[in-house]
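Only one structure is covered here, and it is reproduced in the block below.
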Amino acid sequence: MTWETVIGLEVHVQLSTKTKLFSGASTSFGSEPNTQVDLIDLGLPGVLPVANKEAFYKAIRFGLATNAEINQVSMFDRKNYFYPDLPKGYQITQMEKPIVGKGSIVINVDGSEKLINITRAHLEEDAGKSIHDLFDGETGIDLNRAGTPLLEIVSEPEISNAKEAVAYFKAIHQLVTFLDICDGNMSQGSMRCDVNVSVKKVDDAILGTRAEIKNINSFKFIERAIHFEVARQIKLLEKGESIVQETRLYDSVKNETRSMRSKEAANDYRYFPEPDLLPVVISDNELEEIKSTLPELPKQKEIRFVNEHNLEESEAKILASSKAMANLFEDASEKTKDSSLIAKWLVGDVSALLNKDNISIEESKLSSINFAKLIERISDNTISGKIAKSVLEEVWISGNDIDAIIEEKGLVQIQDESVLEDIAKKIIDANPDQVNAYKGGKDRLFGFFVGQVMKETQGKANPQGVNKILKKLLNS
Amino acid sequence: MDKETVTTISNLSRLAFDKENEEKITKDLENIIKFVDQLDSVDTSNIEPLTSPLEKTAKTRADEVTSKNRKEKFLKNAPNANEDYFLVPRVVE
């Protein structure tokens, strides 16, 4: 039997506003528990929420960048459920009239592109945090996050496998960071997703019963959770059993999904229009204003890098893939004209270090100023490419200034031809056998002499200079 | 309105009532719904749902921090808390 997987994603993006969706409390991450809480976040009697305009603007930026319909009149609804980290007993969200309607995004899987339609993107408030493992027999509640604006982006069930799901999540991540509407910090929970998974026989027209896996916050876990869930469902169906529509939790330690029946019983949210908030209207002028401030998006950047800097398409794609990478490239390009050298270093050595440590540019110690300086020192011949590699590794660890490292370690390239000639003569005098063999026709020994000079100078000799001088001395 | 529906609603809204009141409440709810159901006799097929009686739109705020840290006051007001957190009976995931 051949099975087909159908996946839809609900991605929650924490919008990078300074304050909450309905109160003037700060949203900054990592503060002491319960220090960023307003009367409104607590849902105390008599308070009224007031919507943060900036959250709407950020949501609209996403809508415009995904060619979506923007609802210039949007409304809020109440979603009712009880949980200790939700003080009001309801979440304010948008059900009937979300700010962003139908749109789409292009994902990239193994070099080929696929368009995924987006059903909607709506604003809602986040809940607080429950801490289960800190207190004996009790759960601690931190409400700093309560009321933080989220944009929930709902995809159509058009994703066919785990790989595509990860690509979709990455595409959203890339877009929201380029748009500057979310910091994209996954470990701080700035992006989380719920994955709806179902399987059906290839020929079946109707979708199978789906399970919803809640709250996954890493690329890796999305992939693993889907693999596990698809296998689980197929196994059940092949035994002739049926799938229960339910909410499941992914346990990354055991690498399995399991039922969260506790929440199941309360799965009737009794939505109704939020009586405390009037419709929010976005004027034509505001919409135009937001349009005019949209930044260059990854695809456009890629094309420009190819056209303006003569880069290879594959290089441009990597450089445009993250905002931080693109910034490094552009900052360095202003300092030195050798774009292909910059690209080569970013796509090569810098990417290799990032992969090795499994971090992003933002998390690394390499600043754009320092990187530009490194390229400058290579192109003005202060250091050789080989030395540059070790300097980069040093900066990677220490974050120190490039020039300071070069000076402190005495890494400046030896260019003075008379100095190089003295060293070359010394090497030639010390190796008469090799000289005779070379002169007798063993051309390959030339590399031996270059190597010896490099060794003598600890790699600091200018390679072109060494070649020139050795050729002159050996061929005379 | 049957007993099961009443039980579900009371569970969802976390409202408890005595067993002896169950019948009375069921009957009351039935009457309330009957009363409200009269509205169904009006043809609303071409009318946009009214979500607010006010023909106004929302005032919004600028994205500026206006709130202060009132942690101590808030925690003191809670039925149970320590110096950092509100405490509730353990919620098992």
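The model shown is predicted, which means the values in this text are computed figures rather than measured ones. Quick note on labels: first sequence line is chain A, next is B, and so on, each numbered from 1.
When heavy atoms are compared at a cutoff of 4.5 Å, A/Pro33 approaches chain B by way of both its backbone and its side chain. Looking at A/Leu277, there are no atoms closer than 4.5 Å to chain B (heavy atoms on both sides), in backbone or side chain. When heavy atoms are compared at a cutoff of 4.5 Å, A/Ile131 approaches chain B solely by way of its side chain, counted from C-beta outward. The contact between B/Lys56 and chain A is made by backbone and side chain atoms together, counting heavy-atom distances below 4.5 Å. With a 4.5 angstrom heavy-atom cutoff, A/Pro279 touches chain B via backbone and side-chain atoms both. Heavy-atom distances place the backbone of A/Ser23, and not its side chain, under 4.5 Å from chain B. With a 4.5 Å cut-off on non-hydrogen atoms, B/Asn11 does not touch chain A at all. Heavy atoms closer than 4.5 Å to chain B are found in the backbone of A/Leu21, but not in its side chain. The part of A/Phe22 that comes within reach of chain B is its backbone (N, CA, C, O), which places non-hydrogen atoms under 4.5 angstrom from that chain.
Side-chain atoms of A/Gln36 and A/Ser28 form a donor-acceptor pair, as typed in the model, at a separation below 3.5 Å. Looking only at atom types and distance, the side chain of A/Tyr81 has no donor-acceptor partner in the side chain of A/Asp268 under 3.5 Å away.
Remark: the backbone N or O of A/Ala127 is paired with a side-chain donor or acceptor of A/Arg145 at under 3.5 angstrom. Remark: side-chain polar atoms of A/Asn144 are paired, donor with acceptor, to backbone N or O of A/Glu32 under 3.5 angstrom. A/Asp251 contributes a side-chain N or O that, together with a main-chain N or O of A/Lys254, makes up a donor-acceptor pair within less than 3.5 Å. Although no hydrogens or angles enter the test, the distance criterion places no donor-acceptor pair under 3.5 Å between the side chain of A/Glu246 and the main chain of A/Met260. Counting only distance, with no hydrogens or angles, the side chain of A/Asn80 and the backbone of A/Tyr269 share a donor-acceptor pair below 3.5 Å. Looking at A/Glu125, its side chain does come within 3.5 Å of a backbone N or O of A/Ile92 through a donor-acceptor pair. Between the side chain of A/Asp85 and the main chain of A/Lys129, no donor-acceptor pair closer than 3.5 Å is present. In this structure, A/His132 contributes its side chain and B/Val91 its backbone to a donor-acceptor pair below 3.5 Å. Between the side chain of A/Thr27 and the backbone N or O of A/Lys18 there is at least one donor-acceptor pair closer than 3.5 Å. At distances below 3.5 Å, at least one donor-acceptor pair connects side-chain atoms of A/Asp194 with backbone N or O atoms of A/Asn215.
Contact count against chain A (heavy-atom pairs under 4.5 Å) is highest for B/Ala58 among B/Ala58, B/Pro89, B/Ala78. For the set A/Val280, A/Val50, A/Asn52, the entry with the most heavy-atom pairs within less than 4.5 Å of chain B is A/Asn52. Of the listed residues A/Gly137, A/Gly89, A/Pro84, A/Ala55, the one with more heavy-atom pairs under 4.5 angstrom with chain B than any other is A/Gly137.
Side-chain contact between A/Thr139 and B/Arg90: present, with at least one pair of heavy atoms (C-beta onward) separated by less than 4.5 Å. Between B/Val6 and B/Phe17, the closest side-chain pair of non-hydrogen atoms falls below 4.5 Å.
The interface of residues 18-37 of chain B with chain A, defined by heavy-atom distances below 4.5 Å, is empty. Among residues 61-68 of chain B, the residues having any heavy atom closer than 4.5 Å to a heavy atom of chain A are, in sequence order, B/Arg61, B/Ala62, B/Asp63, B/Glu64, B/Val65, B/Thr66, B/Ser67, B/Lys68. Residue-level contacts of residues 69-77 of chain B with chain A, in order of numbering, are B/Asn69, B/Arg70, B/Lys71, B/Phe74, B/Leu75; threshold 4.5 Å between heavy atoms.
Electrostatic pairing of A/Lys20 and A/Asp41 counts as a salt bridge here, judged by a charged N lying under 4.0 Å from a carboxylate O. Ion pair A/Arg78/A/Asp276 flagged as a salt bridge, since at least one NZ, NE, NH1 or NH2 atom sits closer than 4.0 Å to an Asp/Glu carboxylate oxygen.
Around the NZ atom of A/Lys53, the shell of radius 6.0 Å holds more than 12 heavy atoms that belong to other residues, nucleotides or ligands.
Partners of A/Phe135 by ring pair (Phe, Tyr, Trp, His ring centres under 6.0 Å), not counting sequence neighbours, listed by chain and number: B/Tyr85.
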